2 protein chains.
Amino acid sequence: MNRTRADGVQEETGGTGTLGKAMAVLEAVAMADRPQRFTDILQAVRQPRGTLHRLLAHLVEEGLLVQRRDLSYEPGLRLLKFAYRSWSGNRFRDIAEQHLLRLHELTGETVHLGVLRETEIIYVDKVESRQTVRMSSQIGKASPAYCTGIGKAALSSLARSEAERIAARMEFHPFTAHTHRSAASLLAEIEVIRRDGHAFDREEHEAEICCVAAPIAVPEHDLVAGISVTGPSYRVSTAQLAAWAADVRRAAAEIEEEVRIRLGPRRDGR
Amino acid sequence: MNRTRADGVQEETGGTGTLGKAMAVLEAVAMADRPQRFTDILQAVRQPRGTLHRLLAHLVEEGLLVQRRDLSYEPGLRLLKFAYRSWSGNRFRDIAEQHLLRLHELTGETVHLGVLRETEIIYVDKVESRQTVRMSSQIGKASPAYCTGIGKAALSSLARSEAERIAARMEFHPFTAHTHRSAASLLAEIEVIRRDGHAFDREEHEAEICCVAAPIAVPEHDLVAGISVTGPSYRVSTAQLAAWAADVRRAAAEIEEEVRIRLGPRRDGR
DNA sequence: AAACATCGTTCCACATATTGGAACTCCAGT
DNA sequence: ACTGGAGTTCCAATATGTGGAACGATGTTT
């Protein structure tokens with residue numbers, strides 16, 4: 001593959017061959033916020049037309065994408081089916097659930113559970129005030145780690161070298177005036193977070209939204225995650241957040257402990 | 001592939017080559033209710049050891065699977081991320097939402113929205129009485145079409161030949177004493193449903209659970225779906241279900257209409 | 001302790017499935 | 001009729017995936 005390649009710039013599809021390319025296509029379609037036409041995808045994933053065409057046909061046949069009558073592509077239902085299993089069978093989420101509820105009762109604000117994946121936080125559960133119906137709006141949502149409380153907290157639980165490696169791969173998008181703009185700035189704050197045991201997000205991702213978060217880390221299970229209490233700035237003062245920090249830390253510690261007990265110790269010692 | 005194959009039984013991986021095999025593996029892991037070891041998967045998808053091994057490695061590298069320390073595999077978080085987009089960007093669900101809410105207020109029972117995919121119904125939304133927190137328990141869940149109200153209703157909206165084709169591919173698992181046991185029996189009921197415009201599920205999937213459902217079909221958008229009102233037998237009588245039938249049919253018709261308006265007519269006429 | 005299973009991993013000659021440039025069709029605009 | 005853009009099809013070349021077999025590592029039985 002990539003036989004004739006004049007330049008040295010290798011397109012990153014990873015070492016996963018065909019599957020990697022297919023996933024890159026899926027990602028391109030799924031992450032766009034509207035149906036993607038052939039040409040849109042073509043320039044998102046740089047593959048020759050013929051190749052992309054077959055790739056798309058395969059993805060459609062597998063139900064991962066759906067081709068609409070106007071020929072554009074959108075995510076298929078099979079993804080939802082897969083996700084259901086990945087969510088409902090998630091022991092970690094199950095264990096954390098009651099702790100989230102307790103934290104919500106205590107604070108009255110929205111509580112999130114997120115897991116670190118690459119440079120992102122994937123929200124795995126959420127408890128909010130007005131249970132406004134359904135799939136809790138953002139389960140499965142991915143947000144950058146550098147501008148979320150959970151993300152920064154999770155990073156602080158890693159070895160310094162590991163956090164640096166991840167930070168190096170980030171692209172710092174300035175969502176608000178307070179968003180970190182560089183790895184250096186992020187890593188500096190992470191030092192503080194490591195010391196304090198909790199992280200704040202002061203309108204770094206969205207204006208008027210702030211939170212306190214604490215890390216959950218269970219190395220035996222390769223689990224790097226975090227929980228947070230989030231609220232609108234007008235209602236939740238900086239002092240209030242700080243006051244909740246201890247509670248969030250405690251809840252995180254309890255989850256960590258329970259995970260260790262219920263998911264069992266590791267007998268392999270790989 | 002499948003070079004040396006003594007028997008004539010071809011393993012169904014479809015014509016999607018590597019991707020198909022990979023998805024078969026993913027399916028095997030995702031649909032199991034506990035982490036799968038190498039050997040479990042090996043006998044679920046019949047692939048040579050070497051092949052399977054590489055396939056798994058690729059799936060893990062892509063984040064679709066996670067390998068635990070005890071070497072077993074479980075669904076990865078990336079699936080959740082994909083699904084979030086496939087769900088949150090779903091126009092059909094969005095349009096149906098308010099109609100579901102209205103139907104719920106009217107009946108006080110749980111309302112479901114499901115879409116037909118192959119021989120299954122995938123639940124896309126749900127409104128229930130006690131919003132017991134979170135991802136509405138079964139969004140993304142897949143149930144067989146032959147034993148669910150929505151499934152039977154959806155099938156009734158198809159051309160007879162199409163319904164027969166799909167029914168022929170089903171495996172009839174006897175969940176309860178009332179579950180259809182053959183395509184013939186199912187197709188016979190579908191004729192009645194087609195005439196009535198609504199379907200009942202009288203404890204065919206789960207004991208003590210019954211529902212009324214109506215089909216939603218928008219051929220221009222290849223949409224075959226349905227909605228239902230579900231309740232426990234002790235609370236919801238057969239007469240009560242029958243009384244709601246007209247309301248369910250009306251809601252379904254309204255959704256169908258609104259989809260046609262808001263998703264627009266098709267200009268391609270493929 | 002030796003022999004035996006079971007499980008997961010690695011290896012490598014082989015050929016199939018993927019590749020990607022190019023030609024082709026269809027449609028809309030000029 | 002010409003032009004340009006979008007999507008689809010084709011096919012020789014070969015990189016990629018295949019799968020049988022051998023290898024280690026664990027744990028179990030004799």
Side-chain angles (χ1 to χ4, degrees), chain A residues 1-7 9-11 13-26 28-29 34-62 65-74 266-270, chain B residues 1-7 9-26 28-29 35-62 65-74 266-270:
Chain A
M1 155 195 348
N2 293 331
R3 307 181 258 200
T4 321
R5 195 166 258 290
D7 57 22
V9 185
Q10 180 74 331
E11 284 307 326
T13 13
T16 50
T18 311
L19 182 65
K21 291 196 214 333
M23 286 308 145
V25 171
L26 194 51
V29 176
R34 51 193 196 77
Q36 296 290 97
R37 339 189 92 272
F38 183 87
T39 321
D40 299 329
I41 305 170
L42 186 63
Q43 61 184 71
V45 305
R46 297 189 148 284
Q47 296 288 334
R49 305 158 75 85
T51 301
L52 178 60
H53 196 262
R54 177 177 36 77
L55 230 35
L56 285 167
H58 284 180
L59 285 164
V60 168
E61 189 171 342
E62 286 294 327
L65 289 181
V66 173
Q67 182 162 32
R68 311 188 336 158
R69 296 284 257 259
D70 68 349
L71 302 188
S72 64
Y73 297 85
E74 57 186 9
R266 267 294 120 70
R267 295 144 298 171
D268 65 306
R270 179 199 256 196
Chain B
M1 157 197 345
N2 293 332
R3 306 181 259 199
T4 320
R5 195 166 257 291
D7 57 22
V9 185
Q10 181 74 332
E11 284 307 328
E12 286 310 330
T13 14
T16 50
T18 312
L19 182 65
K21 292 199 215 331
M23 285 308 147
V25 172
L26 193 51
V29 176
Q36 296 290 96
R37 343 189 91 270
F38 184 87
T39 321
D40 299 329
I41 305 171
L42 186 64
Q43 61 184 71
V45 307
R46 296 189 149 285
Q47 296 288 334
R49 304 158 78 86
T51 301
L52 178 60
H53 195 261
R54 178 176 34 74
L55 229 36
L56 285 168
H58 284 180
L59 285 164
V60 168
E61 189 170 344
E62 285 296 326
L65 289 181
V66 173
Q67 182 163 32
R68 312 189 334 161
R69 296 286 257 260
D70 68 348
L71 302 187
S72 65
Y73 298 85
E74 56 186 10
R266 267 293 122 70
R267 297 143 297 170
D268 65 307
R270 177 200 259 197

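Quick caveat: nothing in here was measured; it's all calculated off a predicted structure. Just so it is clear: chains get the letters A, B, ... in the order the sequence lines come, proteins before strands, and each one is counted from 1.
- By the side-chain hydrogen bond (donor to acceptor under 3.5 Å, both in side chains) test, A:T51 is found to be paired with no residue, residues two or more places apart in sequence or in another chain being considered.
- Here the closest non-hydrogen pair linking B:R37 and B:D70 is NH2-O, 3.4 Å.
- Of the inter-residue distances, the one linking B:E62 atom CD with A:L26 atom CG reads 10.0 Å to the nearest 0.5 angstrom.
- For the OP1/OP2 pair of D:dG17 and a distance below 4.0 Å, the side-chain nitrogens and oxygens of B:T51 include no atom meeting the criterion.
- We find that OH of A:Y73 is positioned 14 Å from P of D:dA6, with the value rounded to whole Å.
- Distance check: B:L59 CG to B:R54 CZ gives 10.5 Å after rounding to the nearest 0.5 Å.
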Pairs under 3.5 angstrom, nitrogen or oxygen only, protein versus nucleotides 5-8 of chain C, please.
| residue | atom | partner | partner atom | Å |
| --- | --- | --- | --- | --- |
| C:dG8 | OP1 | B:R37 | NH1 | 2.8 |
| C:dG8 | OP1 | B:F38 | N | 3.4 |
| C:dG8 | OP2 | B:T39 | N | 2.9 |
| C:dG8 | OP2 | B:T39 | OG1 | 2.3 |
| C:dG8 | N7 | B:R49 | NH2 | 2.7 |
| C:dG8 | O6 | B:R49 | NH2 | 3.3 |

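- In this structure, CG in B:L71 is found 11.5 Å from CG in B:L56, a value given to the nearest 0.5 Å.
- Phosphate proximity of D:dG17 to A:T18: present, with a side-chain N or O under 4.0 Å from OP1 or OP2.
- At a threshold of 4.5 Å between non-hydrogen side-chain atoms, the residues B:L19 and A:T18 do not count as touching.
- For A:V45, the side chain to side chain contact (heavy atoms under 4.5 Å, CB included) partners two or more places apart in sequence, or in a different chain, are A:A24, A:V25, A:A28, A:I41, A:Q47, A:L52.
- Residues passing the side chain to side chain contact (heavy atoms under 4.5 Å, CB included) test with B:H53 are B:F38, sequence neighbours excluded.
- Across the protein-nucleic acid pair, A:L52 atom CG and D:dG7 atom P stand 10 Å apart, rounded to whole Å.
- Overall, the helix from C:dA1-D:dT30 to C:dT30-D:dA1 carries an axis bend of 30° between its ends, with five pairs at each end and the value rounded to 10°.
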Using the 3.5 Å cut-off, write out each protein N or O paired with an N or O of nucleotides 27-29 of chain D and the distance between them.
none

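- Where B:H58 and B:G50 each meet DNA chain D at their nearest nucleotide, the meeting point lying more 5' is that of B:H58.
- Across the protein-nucleic acid pair, A:Q36 atom CD and D:dG7 atom C1' stand 16 Å apart, rounded to whole Å.
- The CD atom of A:Q36 lies 11.0 Å from the CZ atom of A:R68; values are rounded to the nearest 0.5 Å.
- Atom CG in B:L55 sits about 15 Å away from atom C1' in C:dT9, given to the nearest Å.
- Contact between the side-chain N/O atoms of A:K21 and the OP1/OP2 oxygens of C:dT18 is not found at any separation under 4.0 Å.
- The side chain of B:Q47 places an N or O atom within less than 4.0 Å of a non-bridging phosphate oxygen (OP1 or OP2) of D:dG19.
- Scanning all heavy atoms of the two residues, the minimum distance from B:V60 to B:Y73 falls at CG2-CE2, 3.7 Å.
- Between B:R54 and B:L19, the residue whose closest nucleotide on DNA chain C is further toward the 5' end is B:R54.
- Counting heavy atoms from C-beta outward, B:M23 and B:T16 have side chains that stay 4.5 Å or more apart.
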